[in-house]
Amino acid sequence: MRVDADDFARPCSCGREHHIDVKEIIIESGAIGKLEKEMSDGDLKEYISPLLICDTNSYKVTEELMEDIYDRCQVLVLDAEDLEADERAVEIVENYMEEDIDLVLAVGAGTIHDLSRFVAHQYRIPFVSVPTAASSDGFASTVADMTWNGMKKAVKAEAPLYVFADTDIFAKAPKRLTAAGVSDILGKYIALADWKISSLLTDEYYCAEVVNLETRALRVVKDNLKEIAAGEVDACEKLMYALVLSGLSMQMTGNSRPASGAEHHLVHLWDMEVLNGHLDALHGEKVSAGTMVALIEYKKIADAIRRKNCKVHPHIEEDREFLQSAFGKKGVLNAIEKENAPELLDEISTRQLSDALPEIMQIIDALPAVTDMQEMMSKAGCVSRVRDIGLPGEAVSDSLRLAPYTRRRMSLLRLRKLLTY
C-alpha cells in the first residue's frame, strides 16, 4: 500500500492550502527493501552520514532484516527499559551524534520517533520513519510529545521525508503494542468532539476535511477490530494506514488538535505523576483509560443538558490551592501557570455557552455510547479502565479537575469548570 501525500496537499474548503512534508509513505511487505533502494540509488543516496536511532527491542526485531542499512549508518541503540522522550534521552542522542550527521532514521515505535523527530528538528536534519509496531499515530506527525523538566509538552518537530512501514515487521509486534495503536485511534472520538465544541465558542480554526481524514481513520479501525486483534496481516496494515492518516491530519493543521483532546490531557497529567506514581502502561493504554474517563463525564453533561439540569456560571478560580499543592510539589507550578496564561475560559461568555448547550449535547450524543466504546476496546484487546493502567479509581475526580491545565487548549473538560450539573 502506497499513500500519495500529494492527495492531501491541495487547496481546501477551509480556505487553507495544507502543507505536507512527507514525500512518500509505503505500508507493505518488503518496505525495507524499498528503503534500501532509496538509500542506494534513490533520493536518500545524497545523505552520506545517516544516524539510525533505535532501542534494544526494535534493534532485536530488525537487525537481520535491516542488516545492510545498519551497516551503512551510525547506529545508536537506546536501552528500552524505562526509555522516555525527555531531556535525558535527548542528551544521550546529542552526545552520540557526530558533527556530519545529515539524516536521522527512526527505527522503533512512539518514543523513538518522538526523540528522532525532535532532534531532527533541533538540528535541521531530515528524518525517515521506520515503524516497528502499529502502536501510535506519531509516525507521520510534525509534533513530538516530550517530557521537559517534569512538564509534558507537545512540541514542534520534523515531519518524515519518507515512511517505510514494513508489514513483515510491525504485523509481528506484540499484541499489546497493536492494541495500543487501536486505543490511540479510538481516542480521536473525544479529540474531534473537543475541537468541534471549541470551534462553536471561539475563533479557533476548524477544518472539515481534516476531520474527515480522522473520521476515515476511525472507520478503518472500527471495521477491523476483531481482525486486528487476531493479528491478521491485512488488518494490521489497515491499522498502520489509519495511524498514518492521523499523523497526516496533524501535518495538515500544523499541530496536534485533530488527534489530541481531553483524553490526551489526562494522559499528560498521569505522565507527569502529579497524582500518581509511575504507571507501567503504554501510551495507547493510557489513552484508552483517558478516553473512557472523558466519555463517561461527557455523557453525564449531555444527560444534564437534556434534563435541563445543566447550569452555566461565570468563571471562578477555584483550583488555585489545589494547583499549588499538586503541581507545586513536583516543581512545575510556574510552568503550569505560564502554560495557562491568559485563561481561555475568560474568553467565554455565560450567554454564549448557554446558547451553545443544545449543540454541545448533539455533539456528545454523536459519540459512541459508553458500553459501545467498551465493546470496541474489548474486541481489540485494549484496556479500558483506569485500574488497568495502575491508577486507583479515587484519582479520577482529581484527574478531571487537573488535566485541563496540562495544555492551554479548549476542551469540554475545560468548559466543565463553567458548568454545574
Side-chain angles (χ1 to χ4, degrees), residues 13-16 188-212 214-215 253 255-266 268-269 290-291 293-323 336-370 396-421:
S13 59
C14 73
R16 292 188 182 183
K188 309 316 172 199
Y189 280 112
I190 299 296
L192 294 178
D194 277 338
W195 194 15
K196 190 168 186 179
I197 290 169
S198 178
S199 73
L200 283 177
L201 299 168
T202 72
D203 294 328
E204 184 179 356
Y205 166 73
Y206 182 83
C207 178
E209 291 299 319
V210 172
V211 171
N212 288 340
E214 285 284 13
T215 303
T253 56
N255 57 54
S256 63
R257 178 46 125 164
S260 174
E263 80 297 332
H264 271 76
H265 302 163
L266 286 158
H268 294 340
L269 179 73
T291 297
V293 168
L295 181 62
I296 290 169
E297 197 64 27
Y298 285 13
K299 291 296 185 180
K300 289 179 182 177
I301 294 172
D303 288 342
I305 296 172
R306 197 174 352 266
R307 297 193 311 270
K308 302 190 184 303
N309 288 336
C310 186
K311 307 301 180 184
V312 178
H313 57 76
H315 177 231
I316 302 171
E317 180 52 72
E318 299 175 318
D319 293 328
R320 179 65 186 170
E321 290 186 6
F322 192 28
L323 293 176
I336 287 291
E337 290 176 334
K338 184 178 180 180
E339 173 70 23
N340 287 277
E343 172 54 62
L344 285 170
L345 295 179
D346 290 339
E347 302 173 11
I348 307 296
S349 72
T350 54
R351 175 66 180 273
Q352 182 185 21
L353 181 52
S354 295
D355 290 345
L357 287 181
E359 194 164 353
I360 290 174
M361 180 186 70
Q362 291 176 0
I363 293 170
I364 300 170
D365 284 345
L367 295 172
V370 171
V396 169
S397 178
D398 286 346
S399 294
L400 290 170
R401 285 180 65 188
L402 292 179
Y405 294 105
T406 64
R407 184 77 193 273
R408 190 177 181 271
R409 174 172 286 172
M410 189 65 75
S411 67
L412 182 55
L413 198 58
R414 196 178 196 108
L415 286 166
R416 174 177 171 268
K417 297 181 183 298
L418 304 181
L419 304 176
T420 302
Y421 55 96

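Only heavy atoms go into these numbers, but all of them, side chains included; no hydrogens, no water, no symmetry mates. Please read these numbers as outputs of a predicted model, since none were measured by experiment.
Classification of D303 and K300 as a salt-bridged pair fails, no side-chain N sitting under 4.0 Å from a carboxylate O.
K188 contributes no side-chain N or O that, together with a main-chain N or O of T215, makes up a donor-acceptor pair within less than 3.5 Å. When atom types are taken as modelled, the side chain of R408 and the backbone of P342 share a donor-acceptor pair closer than 3.5 angstrom. Put simply, the side chain of S198 never gets that close to the backbone of W195: no donor and acceptor are under 3.5 Å apart.
Here the straight-line distance linking atom CG of L353 with atom CG of L418 works out to 6.0 Å at 0.5 Å rounding. Residue D355 holds its CG atom at 10.5 Å from CD1 of I360, rounded to the nearest 0.5 Å. In this structure, S199 OG and I363 CD1 are separated by 7.0 Å, a value rounded to the nearest 0.5 Å. Rounding to the nearest 0.5 Å places CG of L367 at 10.5 Å from OG1 of T291. Atom CD of E209 sits about 13.5 Å away from atom CD of E214, to the nearest 0.5 Å.
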Take M410 and I348 through the test side-chain contact (heavy atoms from CB on, under 4.5 Å) and record every step on the way to the result. CA-CA 10 Å; M410 189 65 75; I348 307 296; 3.9 Å; yes
Trace of the side-chain contact (heavy atoms from CB on, under 4.5 Å) decision for I190 with Y298: CA-CA 9 Å; I190 299 296; Y298 285 13; 4.0 Å; yes
Worked verdict on D194 versus R409 for side-chain contact (heavy atoms from CB on, under 4.5 Å): CA-CA 9 Å; D194 277 338; R409 174 172 286 172; over 6 Å; no
Please lay out, stage by stage, how E297 and Y421 fare under the test side-chain contact (heavy atoms from CB on, under 4.5 Å). CA-CA 11 Å; E297 197 64 27; Y421 55 96; 2.4 Å; yes
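Residues that satisfy the salt bridge (charged side-chain N to carboxylate O under 4.0 Å, His left out) test with E343, not counting sequence neighbours, are R414.
Judged by distance alone, the side chains of R407 and S260 never bring a donor and an acceptor atom under 3.5 Å apart. R257 and Y206 share no side-chain donor-acceptor pair at under 3.5 Å.
Partner of I301 under the side-chain contact (heavy atoms from CB on, under 4.5 Å) criterion, chosen from L415, L412, L357, L413: L412.
Within 6.0 Å of the NZ atom in K417, the count of heavy atoms belonging to other residues, nucleotides or ligands exceeds 12.
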